[in-house]
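Being a predicted model, the structure only gives us computed values, none of them experimental. In the text below, chain A, chain B and the rest are named by the order of the sequence lines, each starting its count at 1. Atoms considered below: every heavy atom in the structure, side chains included; atoms not considered: hydrogens, waters and symmetry mates.
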Amino acid sequence: MSEGTAKKEERRKFQAIKGTRDLLPPETALWNRVEQIAQKVFASYGFSEIRLPIFEPTELFARSIGLDTDVVSKEMFSFTDPANVIKSLVQDALQAGLGVDLKNFEQAFQSSIEEKVQFISLRPEATASVCRAYIENNMQQLPQPVKLYTFGPMFRRERPQKGRYRQFYQVDAEVLGGSDAPGIDAELIEMVMTFFDRLGLEGVQLDINCIGDKKCRPKYAELLRAELSKVKDKLGPDSQRRIETNPLRVLDSKLESEQKLIEGMPHIADHLCEECAENYRGVKKELELRGVNYRENWRLVRGLDYYSRTTFEITAKGLGSQNAVCGGGRYDGLMELLGGPPTRATGFAIGEDRLILSLQEAGKTPAPQGRDVYIAWMGEKAYATAVRVAKNLRAAGLSVELPPVEQKFGKALGQADKLGARYALILGDNEVSSGEWTLKTLATGEQAKFKEADLLDHLRKARGLSS
RNA sequence: GUGGGAGUAGCUCAGCUGGUAGAGCGUCGGACUGUGGCUCCGAAUGUCGUGGGUUCAAAUCCCAUCUCCCACCCCA
């Protein structure tokens, strides 16, 4: 008993790290369904899957996302390789009789650090990796544009809340290369809307905006900053700070008291350069052509530096205050920023955790997977037969549960029932000696006798009819 | 990083102003040794999140701490 208690305590010590979680069986079926439908829909739009590393050089994210964003400055999980390099450098120095001056530490060790250490981060998003892969694998030599999608976990060291985790999952699609034709953005949006539609996602709302490019956005940002400054004292502390750091972000404010003021601010649509304005008109026209319902939202801005022109966001119902289930847009300058050839690009990321959450809230969870056949056997002779038939039925694609130890029939049927089996195959002395097996339909309680040769055929037919 | 709420059995929770734990569900066993779902009977499982303090006595009061949930910041 004391041993049992000790074991239990041992087990209790371990728990998933803050912001991470286990995805358990009935739910994982839904994850699989989402990913399978994504693959099918994306493939129908000519997208291919790319699989990427989960960690990359820290520099890749610092360069693409922007050094001064929260994502890079404090939300990345970063480490060095080798892990304890700083310590070992200090030890080396001490052993060599050199003093360690904390004040000039970084400078003193700069060259050895650069030589021996790699700074690595778990990816906080996928776009930078996709671009790196495009450049590294010379994909500009493929027919353009290159259309790629990927799934997987991302990592951000944020405080968890509803629909937000430190390890979270994204479904990501990017169109790299080619032109900035509005049809590319519109088709991408059409694709994700089709995907959501296929899943039966409810309360889907698409918001779009154009945030200009390198030429016109800075001018607008300045204008907005000037206008906001005039009413600075009427804004809350967060917005006041954002006037300096990122005036566009003020437009995102949820504070009730600020809404009226923000409504009176200049709209970016009136300050786009001619190319951007033309492009935006094109995107809207293309969306209409495709029958995609959208809402223009001039206050929709993007947090990450590399976005330009088209931005969009999709919200769904059943979520908490983090209700965006997809965000995306064009990022024509990013590839060059990462040392690649000038390459236009656009893409989106779906928050898969939130997508799943919304589907669950709407009751779209698929039924837990039952078994097709539970084999209720009794007696050693029957067991040998049971093992053989289990193997055959499984080879035919049926899901079969074969209890490893003998059970009373009552118990066996109870188990079959709890596991959601459709049929119980009853194999006892009677059946084995007569060669006539009993198949019981659990839902109705009906029983029928089959010879071994006919059983598989019958099950196949019954299954074909129901599914 | 900031604020609010919550931690009692595997799950959902009860436990009044201090007297060292209970229910329902689930699990397992039996009634029923070749026929499940229903019913009835029985059993197991808790260092009451953790550490400290007050007290003759703490799940209950005080302090600290951890974790989870929700929201803010930020963002998908």
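- Between U50(B) and G7(B), the distance separating the two C1' atoms is 11 Å to the nearest Å.
- Taking atom C1' on both nucleotides, C48(B) is separated from A6(B) by 14 Å, rounded to a whole Å.
- For Thr346(A) and Glu174(A), the side-chain atoms include no donor-acceptor pair closer than 3.5 Å.
- Gly328(A) comes within 4.0 angstrom of nothing in the nucleic acid, heavy atoms only.
- Pair check for U33(B) finds none; no Watson-Crick or G-U wobble contact set falls under 3.5 Å.
- When all heavy atoms of Pro403(A) and Tyr383(A) are compared, the closest pair comes out as O-CE1, 4.2 Å.
- Between Glu75(A) and Arg157(A) no salt bridge is recorded (no basic side-chain N to carboxylate O distance below 4.0 Å).
- Residue contacts for Ala324(A): at a heavy-atom cut-off of 4.0 Å it reaches the sugar-phosphate backbone alone, with no base atom in range.
- Among the protein residues, Phe348(A) comes within range of no part of the nucleic acid, since none of its heavy atoms lies under 4.0 Å from any strand.
- Atom CD1 of Ile350(A) is separated from atom P of C75(B) by 20 Å (rounded to the nearest Å).
- Pair assignment for U27(B): A43(B), on the basis of Watson-Crick or G-U wobble contacts that are both within less than 3.5 Å.
- A donor and an acceptor atom sit less than 3.5 Å apart, one in the side chain of Gln447(A) and one in the base of U35(B).
- Separation of the C1' atoms belonging to A14(B) and A59(B) is 12 Å when rounded to the nearest angstrom.
- Among the heavy atoms of the strands, none lies under 4.0 Å from Ala316(A).
- Straight-line distance between the C1' atoms of U67(B) and C61(B): roughly 23 Å, to the nearest whole Å.
- The side chain of Lys18(A) contributes an N or O atom lying less than 4.0 Å from OP1 or OP2 of C68(B).
- Of the candidate nucleotides A76(B), G36(B), G3(B), G3(B) has the atom nearest to the side chain of Arg159(A).
- Asp429(A) comes within contact range of at least one nucleobase, with a heavy-atom separation under 4.0 Å.
- Applying the 4.0 Å criterion to OP1 and OP2 of C28(B), one finds that Lys418(A) has a side-chain N or O inside that range.
- With C1' as the reference atom, C73(B) and C63(B) are 30 Å apart, rounded to whole Å.
- By the 4.0 Å N-to-carboxylate-O rule, Glu296(A) lies close enough to Lys284(A) to be salt-bridged with it.
- One finds no side-chain N or O of Gln240(A) lying less than 4.0 angstrom from the OP1 or OP2 phosphate oxygen of C73(B).
- The same atom, C1', is picked in G53(B) and in A58(B); the two are 11 Å apart, to the nearest Å.
- One N or O donor and one acceptor, one from the side chain of Arg164(A) and one from the base of C74(B), sit under 3.5 Å apart.
- For Ser321(A) and C70(B), the shortest distance from a side-chain N or O to OP1 or OP2 is not below 4.0 Å.
- Under 3.5 Å, the side chains of Gln205(A) and Tyr294(A) contain no donor-acceptor pair of N or O atoms.
- Across all strands shown, Gly410(A) has heavy atoms under 4.0 Å from sugar-phosphate atoms exclusively, and none from any base.
- Ring geometry for Tyr307(A) versus Tyr331(A): interplanar angle over 60°, hence perpendicular rather than tilted (30 to 60°).
- Figure legend. A14(B) is base-paired to no nucleotide; pairs are counted as Watson-Crick or G-U wobble with both atom distances under 3.5 Å.
- With P as the reference atom, U17(B) and C74(B) are 42 Å apart, rounded to whole Å.
- Across the strands present, C38(B) finds no partner; the criterion is a Watson-Crick or G-U wobble pair with both atom distances under 3.5 angstrom.
- Both Thr245(A) and Arg157(A) lie close to RNA chain B; mapped to their nearest nucleotides by heavy-atom distance, the more 5′-ward contact belongs to Arg157(A).
- A cation-pi arrangement is present between Arg21(A) and Tyr165(A), with the terminal nitrogen or guanidinium carbon under 6.0 Å from the aromatic centre and inside a 45° cone about the axis.
- Which of U35(B), A76(B), G36(B) sits closest to the side chain of Leu442(A) comes down to G36(B).
- Look at CZ on Arg166(A): it is 14 Å from C1' on C69(B), rounded to the nearest Å.
- Going from atom CG of Asn323(A) over to atom P of C70(B) covers 14 Å, rounded to whole Å.
- Spacing between atom CG of Asp238(A) and atom P of C75(B) amounts to 12 Å, rounded to whole angstrom units.
- Taking atom CD on Glu401(A) and atom P on G36(B), their separation rounds to 20 Å, with Å as the unit.
- To the nearest whole angstrom, the two C1' atoms, one in U55(B) and one in U60(B), are 13 Å apart.
- Mapped onto RNA chain B by nearest heavy atom, Gly327(A) and Leu413(A) fall at different nucleotides, with Leu413(A) at the one closer to the 5' end.
- At the heavy-atom level, Asn430(A) lies under 4.0 Å from base atoms of the strands shown.
- With contacts defined as side-chain heavy-atom distances shorter than 4.5 Å, the pair Arg290(A)/Glu187(A) qualifies.
- Under the Watson-Crick and G-U wobble criteria, each requiring two contacts below 3.5 Å, nucleotide U20(B) is left unpaired.
- Heavy atoms of Gly329(A) sit nowhere under 4.0 angstrom from any nucleic acid atom.
- Taking atom OH of Tyr169(A) as the reference point, atom P of A76(B) lies 19 Å away to the nearest angstrom.
- Residue contacts for Glu431(A): at a heavy-atom cut-off of 4.0 Å it reaches a base atom on one of the strands shown.
- For the OP1/OP2 pair of C72(B) and a distance below 4.0 Å, the side-chain nitrogens and oxygens of Gln322(A) include at least one atom meeting the criterion.
- Distance NZ (Lys440(A)) to P (G37(B)): 10 Å, rounded to an integer number of Å.
- Nucleic acid contact for Arg21(A): none, since no nucleic acid atom lies under 4.0 Å from a heavy atom of the residue.
- No engagement by Glu352(A) is indicated, since no non-hydrogen atom pair under 4.0 Å with the nucleic acid exists.
- Both the sub-6.0 Å distance and the 45° axial angle are not jointly satisfied by Lys40(A) relative to the ring of Phe42(A).
- Base pairing analysis places G1(B) opposite C72(B); the two distances defining the Watson-Crick or G-U wobble pair are each below 3.5 Å.
- Taking 4.0 angstrom as the limit, Gln161(A) places none of its side-chain polar atoms (N or O) nearer than this to OP1 or OP2 of C70(B).
- Taking atom CD1 on Ile65(A) and atom P on C75(B), their separation rounds to 11 Å, with Å as the unit.
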